[in-house]
Amino acid sequence: MEEELHRKMDRLVDVYSEVLFRLPSMARLFSYLILASVLAGALRGTPLAMATNSISPILVSLLSCTAAVLLAWAIDASLLAGDPVLDARRCLAVEIFSLATSIPILIANALLRALAKLSLHAILNLLSVGAAIALSVRAFIFASASLASRARCVLCTLSQPIAWLASTQLDYSLYGYSRWPDCLVFALMALAVSSVATTAFLLAVRSIGMKMFGTSSFRLIRAFTASWVVDHNKPLEEFLDQVGTEADIRASLLLFEEANSGRPLGALAMVGVHPGPFRHVGSSSLPSLIKEALEAHLGCPVAVPHGLSGHELNLTSRRECEKLISALISAVEKLSTPHGECTPMIRREGDRASASCQLLGPVAFITLTAAPDTMEDLPQELEEVVVKRAIELGLSGALVVDAHNSTNGPPDRRDLMERFGSVALRALEDATRSPKSGFKVGMASVLPTEFSIEDGMGPGGITALAIEASGQKVAYVVFDGNNMMTGLRERLLSELEEVGFQAGEVMTTDTHVVSARVLSERGYHPVGEVMDWDVLADYVRGVALSALRAMRPATVRWAVVKAEGLKVFGAEQLDRLCDIPIELMRGAKKSSLLTLAPAYALLVALALIL
């Protein structure tokens, strides 16, 4: 089941990457609209120019066409004022796209008039068919993208087709080629037939969501569109809250304090949820939210490594994130008594898997990586196996980190439990036999100014935890990013070695606040894909040295809390969410062939016959 979900998530990313695009500026779109209107108007007037042996019909048509399109845009922008998605700029794109659907008929009209002497009456009828096609296209756009009322969307759907038909009738009337009321009757019939066929098409698409989630497909499409396009997440999170499932989530906190004063030196926080699905939806930005909240509460640097979880454990909304953060803050009041000993870091290698383990008081801190091979989310069941063994060995528990620090192609997800479980347990058992001693801790954070969210750097920046025990200095570096380019981890570990660390690990939080940001195969940049590695190395050296300077004799306390009844995606619902884009595309293709195609074919036939 888990493997299938990962394959579907990969396919969902592919679909997202195929449909995501960025619009030009408003000034450029406006110029494109004028050019398209002039082109459409010139093509529309060409048959009249052939009939009258004069260029004036072309000039009149391009002027009237441009005026009609601009009028339609003004109406749409006015009706949709305040719409989060379809603002005035995006309405320009809608007008251009609507106009483009008529271009094939306009070209065909000009050719048929020149080559076959098609009557102007038939040409006028075919222009009505073009308006009918535009109506269908506009109906789908407004149903899929606009959060305005249904009445306003209907008016916007009709604005350009009606303005187009009115200006067309005016042009032909000026030259005496419009036979009233025949042409008007056919125009109204074309709009009526198109409206019926379009309604049937939209209802068929709507029913897919009703079958899968009990709600309209267009509600989900609009919600995703608003989130992807303008970060308006409320509609999507409301939908996810409705379809999500409840789960009890485990949260852990390790707090390092100065041995003499009890002053907080730093903290590690881990939660049993996945930071997804993308941008600011659900728990995507949870690592940086936790970091910010705990740093404000504790007054010390905080790192939030990635726990073992998959997308089925995405929280559904920011509200659920706040519940989890509140539970984590409450853990401060439930911290254990201080422990003043820890072991050195032990690393063990296996088949395409590596584990490090360091006992911090009564808790095993374990990091897992597949580097230099590609790795993705590790199964949560692996943590259960490790924690169980830690307790059998006399420990209070274990924190298991998915380092999420190497990507260069598709991951090998075969035998994950065996590969990582074996090496993790060996590291754990060897660590329990290692000598314990007093230890020192220092922690520091930095937010690089050179790198943005689009570059793959989340708002949590880079955090370094430095631990010295038994003469060994260890550095744990956590990037607030989604995975890391293969080879960068090794480069950074060598930099840490040069400044005096004998062991360490470089990790990412797997934040999805960086996802769905760029036009690439992944939809995001892993750490180091577009960042200068030398600059990253400078930052890692700097923050690690700051952690060393902050190092003090320390104790550690820890607590585990459970946040009950949080809404998460759930495996079954995630499966459906991954399926619905594919089902919608299939359903739309099938429904268009059954409803729209026959309607347009009928209208073209009638246009030529009547």
Side-chain angles (χ1 to χ4, degrees), residues 252-270 291 294-305 332 335-347 356-367 399 401 403 431 434-448 460-480 489 492-507 509 536-559:
S252 302
L253 178 66
L254 273 176
L255 177 62
F256 301 99
E257 296 174 326
E258 190 171 9
N260 295 328
S261 66
R263 178 178 63 88
L265 297 173
L268 295 173
M270 287 182 59
K291 178 179 173 66
L294 282 177
E295 286 183 343
H297 187 77
L298 297 171
C300 65
V302 175
V304 188
V332 177
L335 288 165
S336 66
T337 56
H339 296 268
E341 293 183 328
C342 82
T343 68
M345 175 199 274
I346 300 294
R347 183 177 296 281
S356 72
C357 181
Q358 186 168 21
L359 302 190
L360 304 173
V363 181
F365 183 66
I366 298 171
T367 65
L399 300 182
V401 176
S434 298
K436 293 183 179 180
S437 68
F439 64 101
K440 296 179 181 180
V441 164
M443 206 163 180
S445 291
V446 63
L447 179 61
I462 308 170
T463 305
L465 167 64
I467 301 176
E468 182 177 0
S470 300
Q472 180 198 57
K473 291 179 182 176
V474 182
Y476 296 101
V477 179
V478 181
F479 282 80
D480 192 25
R489 165 188 176 266
L492 297 177
L493 287 176
S494 68
E495 297 286 343
L496 292 170
E497 186 176 351
E498 288 183 8
V499 296
F501 290 96
Q502 289 80 43
E505 189 57 271
V506 180
M507 303 163 269
T509 63
L536 285 174
D538 287 341
Y539 272 111
V540 168
R541 280 196 302 269
V543 73
L545 289 172
S546 295
L548 278 177
R549 287 191 293 269
M551 190 176 279
R552 300 289 184 274
T555 60
V556 62
R557 296 197 290 157
W558 90 303

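Every value quoted in this text rests on a predicted model; they were computed, and no experiment measured them. For this chain, numbers begin at 1 and follow the sequence in order.
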From CA spacing to verdict: side chain to side chain contact (heavy atoms under 4.5 Å, CB included), Tyr539, Phe479:
CA-CA 11 Å; Tyr539 272 111; Phe479 282 80; over 6 Å; no
Gap between atom CG of Leu447 and atom CG of Asp480 - 0.5 Å precision
9.0 Å
Is there a side-chain contact between Val302 and His297 (heavy atoms, below 4.5 Å)?
no
Let me confirm one number: the CD-CE distance from Gln502 to Met345, rounded to the nearest 0.5 Å.
11.0 Å
Just by distance, with hydrogens left out, do Ser445 and Lys291 show a side-chain donor and acceptor under 3.5 Å apart?
yes
Contacts table for residues 545-553: side-chain donor-acceptor under 3.5 angstrom, sequence neighbours left out:
residue	atom	partner	partner atom	Å
Ser546	OG	Gly542	O	3.0
Ser546	OG	Arg549	NH2	3.1
Arg552	NH1	Arg549	O	3.3

Is any side-chain N of the basic residue among Arg541 and Glu498 closer than 4.0 Å to the acidic one's carboxylate O?
no
Donor-acceptor contact below 3.5 Å, side chain Ser437 vs main chain Ala469:
no
Nearest atoms (heavy-atom pairs only) where Ala444 meets Val543
O-CG2, 3.3 Å
Which pair of non-hydrogen atoms, one from Lys473 and one from Gly500, has the smallest distance, and what is that distance?
CD-O, 3.6 Å
Is there a side-chain contact between Val478 and Val304 in this structure, where contact means two heavy atoms from C-beta onward sitting under 4.5 Å apart?
no
Phe256 side chain reached by Leu268 side chain, heavy atoms, under 4.5 Å:
yes
Rounded to the nearest 0.5 Å, what's the gap from CE on Met443 to CD1 on Ile467? Could you check?
9.0 Å
Show me the donor-acceptor pairs, under 3.5 Å and distance only, between side chains in residues 357-364 and residues at least two apart or in other chains.
residue	atom	partner	partner atom	Å
Gln358	OE1	Tyr476	OH	2.7
Gln358	NE2	Thr343	O	2.8

Nearest heavy atoms of Ala431 and Ile346, plus distance in Å:
CA-CG1, 4.0 Å
If you compare all heavy atoms of Thr555 against all heavy atoms of Gly340, which two are closest, and at what distance to 0.1 Å?
CG2-CA, 4.1 Å
When you compare the side chain of Leu298 with that of Leu255, does any pair of heavy atoms fall below 4.5 Å?
yes
Could you tell me the separation between the CG atom of Leu253 and the CG atom of Leu399, rounded to the nearest 0.5 Å?
9.5 Å
All heavy atoms of Ser434 vs all of Pro344, minimum pair found to be CB-CD, 4.3 Å
Residues in salt bridge (charged side-chain N to carboxylate O under 4.0 Å, His left out) contact with Glu497, at least two apart in sequence or another chain:
none
Can you find a pair of side-chain heavy atoms, one from Cys342 and one from Val556, that are under 4.5 Å apart?
no
Glu341 side, atom CD; Ser470 side, atom OG - distance, nearest 0.5 Å:
9.5 Å
Approximate separation, where rounding is to 0.5 Å, of Arg489 CZ and Glu505 CD:
4.0 Å
